[in-house]
Novice: 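First the structure, which I've put down as structure tokens, then a few questions once you've had a look.
Values below: all heavy atoms of this structure, side chains included; hydrogens, waters and symmetry mates excluded.
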Amino acid sequence: MGDRSSACSILHVDMDAFYASVATRDRPDLQHVPVIVGGGHRGVVLSANYLARQYGVRSAMPNTRARRLCPQAVVVPPDYDLFGQVSSSVMENFRRVTPLVEVLSMDEAFLDVRGSVRRLGTPLQIAEQLRATIHDEQGVTCSVGVASSVSVAKLASRRAKPDGVVVVPPEEVTSFLHPLDVGELYGVGEKTQAMLHRLGLITVGDVAHTPLRTLQRAVGEGLGAHLHELAWGTDRRAIVARNVSAFGGGDPDKSMGAQETFGRDTDDREVILRELLRLTAKVTSRMRVAGVAGRTVAITVRFADFTTITRSRTLPEATDVTQEIYRTATGLYDALGLQRARLRLVGVRVEGLVPRGTVHRQLVLGERERGWSDADRAVDRATLRFGSAAVRPASLLS
């Protein structure tokens, strides 16, 4: 039917059975059997693959009940370190597309791609590129909803599962939404659903065609207005760039980082430092979008044999300036004295993040009043408008 996504700048990306997919991706023996990722006899189900879900197994279900529903399932213990590593890599893929990434949990996020279409193509093309990259790099799949609003994109990704893309252009929003049960609306829980059902409002269309004042009298002014917007797909909540801690239920991370695996193992210092600069620029751009600065700079180095080491240094004051953090990262790398050791991966992380407004920078004698910090913010304005390739350090142009 062609690409109808040009007016749809919001993507909701949701990993498919994330914990189960990661836990089994390197286990060929588990690819075609029901699998439960859980906490043992007295624990609860963290995740289940789609074969187990066919038997009624769901996350947060007591493990004993899950085993009764699907006694042939293989129970796999959770590997939280592995889940965190894969999640971080997936989120880095999102941030290569746009700095406006609102992370909801380890396995889902909203992306605003308005500033990326000149560089990467239509929202649908961006969604397909993300799916292919994540599958190639991490061996797991995701589903993407593409729409002009957050709530519709969320519902579209649910319809796309597993391993698909659903686009809902503005002219099809009502035909997409109105047949649905009201309980499917983003943010409508079981209690609200039950209340609306008692009022005879079963479908989203029922809510949409109830006069606003009538709806507000029945459920309250604020909730009525919100439901009315959801039912017509007219909510315009903006994407707020933010991260979440791996298992913290939404608290902001105290660090931000990025890492990259080289196409071929390398011992070329120039190549490695150029990659450290690229990663630093990516991290500091995200920090400035989030309005944070950090004092501790850390680098990660992974050798060809997969041995991994981390080194860090704490600065006198918090910063979000690309050149300051890059100089520190370069110093940490040179201090390793690797001497032709071949590297598979490098990473940069800034820790101890605090709100940027709480940092009062002291000018050094002889320092220019306007310097690298102002240059960074000029770059941010250009990349937000024209994409991340619009302005970059000269050493990265090659």
Side-chain angles (χ1 to χ4, degrees), residues 1-16 90-105 107-135 141-182 184-188 203-205 207-208 226-242 286 289 383-390:
M1 185 179 290
D3 191 331
R4 301 167 298 146
S5 68
S6 59
C8 304
S9 62
I10 306 298
L11 273 57
H12 179 256
V13 187
D14 196 5
M15 305 305 297
D16 298 324
V90 168
M91 299 304 163
E92 289 305 326
N93 279 308
F94 296 164
R95 294 186 181 98
R96 290 174 192 163
V97 169
T98 173
L100 294 175
V101 178
E102 183 173 335
V103 181
L104 302 180
S105 65
D107 59 347
E108 64 173 321
F110 288 113
L111 287 70
D112 186 334
V113 299
R114 278 177 295 182
S116 307
V117 292
R118 293 187 186 185
R119 176 170 53 98
L120 298 175
T122 67
L124 175 58
Q125 291 170 330
I126 292 172
E128 294 289 13
Q129 290 165 14
L130 277 172
R131 291 177 60 242
T133 300
I134 291 169
H135 184 264
T141 63
C142 63
S143 300
V144 186
V146 185
S148 58
S149 69
V150 163
S151 62
V152 177
K154 173 81 171 179
L155 295 180
S157 70
R158 193 181 302 165
R159 286 288 180 272
K161 284 189 170 292
D163 193 19
V165 178
V166 167
V167 177
V168 184
E171 65 273 15
E172 296 181 14
V173 166
T174 55
S175 61
F176 173 77
L177 287 178
H178 287 187
L180 303 177
D181 187 284
V182 291
E184 292 200 47
L185 286 174
Y186 181 39
V188 173
T203 69
V204 176
V207 174
H226 182 57
L227 289 171
H228 190 265
E229 288 184 347
L230 292 178
W232 287 103
T234 56
D235 59 301
R236 287 294 177 263
R237 181 173 79 78
I239 298 298
V240 179
R242 72 181 183 99
R286 286 168 41 204
V289 169
T383 56
L384 185 61
R385 183 173 181 182
F386 301 110
S388 62

Novice: Run through E184, E108, E102 and flag the one making a salt bridge (charged side-chain N to carboxylate O under 4.0 Å, His left out) with K154.
Specialist: E108
Novice: Is there a side-chain contact between M91 and R286, using heavy atoms and a 4.5 Å cut-off?
Specialist: no
Novice: So does C8 get a backbone contact from the side chain of S5, meaning a donor-acceptor N/O pair under 3.5 Å?
Specialist: no
Novice: Roughly how far, to the nearest 0.5 Å, is the CZ atom of R158 from the CG atom of D14?
Specialist: 9.0 Å
Novice: Might you point out which heavy atoms bring A153 and L11 nearest each other, and give the distance in Å?
Specialist: CB-C, 4.5 Å
Novice: Quick check: do V150 and H12 have side-chain heavy atoms less than 4.5 Å from each other?
Specialist: no
Novice: Say whether, by atom type as modelled, one donor and one acceptor occur between the side chain of N93 and the main chain of R95 under 3.5 angstrom.
Specialist: no
Novice: Does a side-chain heavy-atom distance below 4.5 Å link V97 with L120?
Specialist: yes
Novice: Looking at side-chain heavy atoms only, is the closest gap between V165 and V146 below 4.5 Å?
Specialist: yes
Novice: Roughly how far, to the nearest 0.5 Å, is the CD1 atom of I134 from the CD atom of Q129?
Specialist: 11.5 Å
Novice: Without swapping roles, check the side chain of E229 against the backbone of H226 for a donor-acceptor pair under 3.5 Å.
Specialist: no
Novice: Enter the distance from S105:OG to M15:CE here, rounded to the nearest 0.5 Å.
Specialist: 10.5 Å
Novice: Go through the steps for D181 and T203 under the test side-chain contact (heavy atoms from CB on, under 4.5 Å), then give the verdict.
Specialist: CA-CA 4 Å; D181 187 284; T203 69; over 6 Å; no
Novice: Between P179 and S175, which heavy-atom pair has the shortest distance, and what is it?
Specialist: CD-O, 3.3 Å
Novice: Looking at R4 and E172, is there a salt bridge between them, counting it only when a charged N and a carboxylate O are closer than 4.0 Å?
Specialist: yes
Novice: For H178, which residues count as a side-chain contact (heavy atoms from CB on, under 4.5 Å) partner, sequence neighbours excluded?
Specialist: T174, V204, A208, H209, W232
Novice: When you measure from the side chain of T133 to the backbone of L130, do you find a donor-acceptor pair of N or O atoms at a distance under 3.5 Å?
Specialist: no
Novice: Once side-chain contact (heavy atoms from CB on, under 4.5 Å) is applied, do any residues pair with T98, and if so which ones, sequence neighbours excluded?
Specialist: L100, V101, L111, V113, S116
Novice: Can you check whether T141's main-chain N or O pairs, donor with acceptor, with R131's side chain at less than 3.5 Å?
Specialist: no
Novice: Distance check, rounded to the nearest 0.5 Å: C142 atom SG versus F94 atom CZ?
Specialist: 6.0 Å
Novice: Has the side chain of S157 got a donor or acceptor atom that lies under 3.5 Å from a matching backbone atom of S143?
Specialist: no
Novice: My understanding is that only residues two or more places apart in sequence, or in another chain, count here; which of them pass side chain to side chain donor-acceptor pair (under 3.5 Å) with D235?
Specialist: S151
Novice: Can you name the nearest heavy-atom pair linking V152 to V173, along with the distance?
Specialist: CG2-CG1, 4.2 Å
Novice: Can you name the nearest heavy-atom pair linking L155 to Y186, along with the distance?
Specialist: CD2-N, 4.3 Å
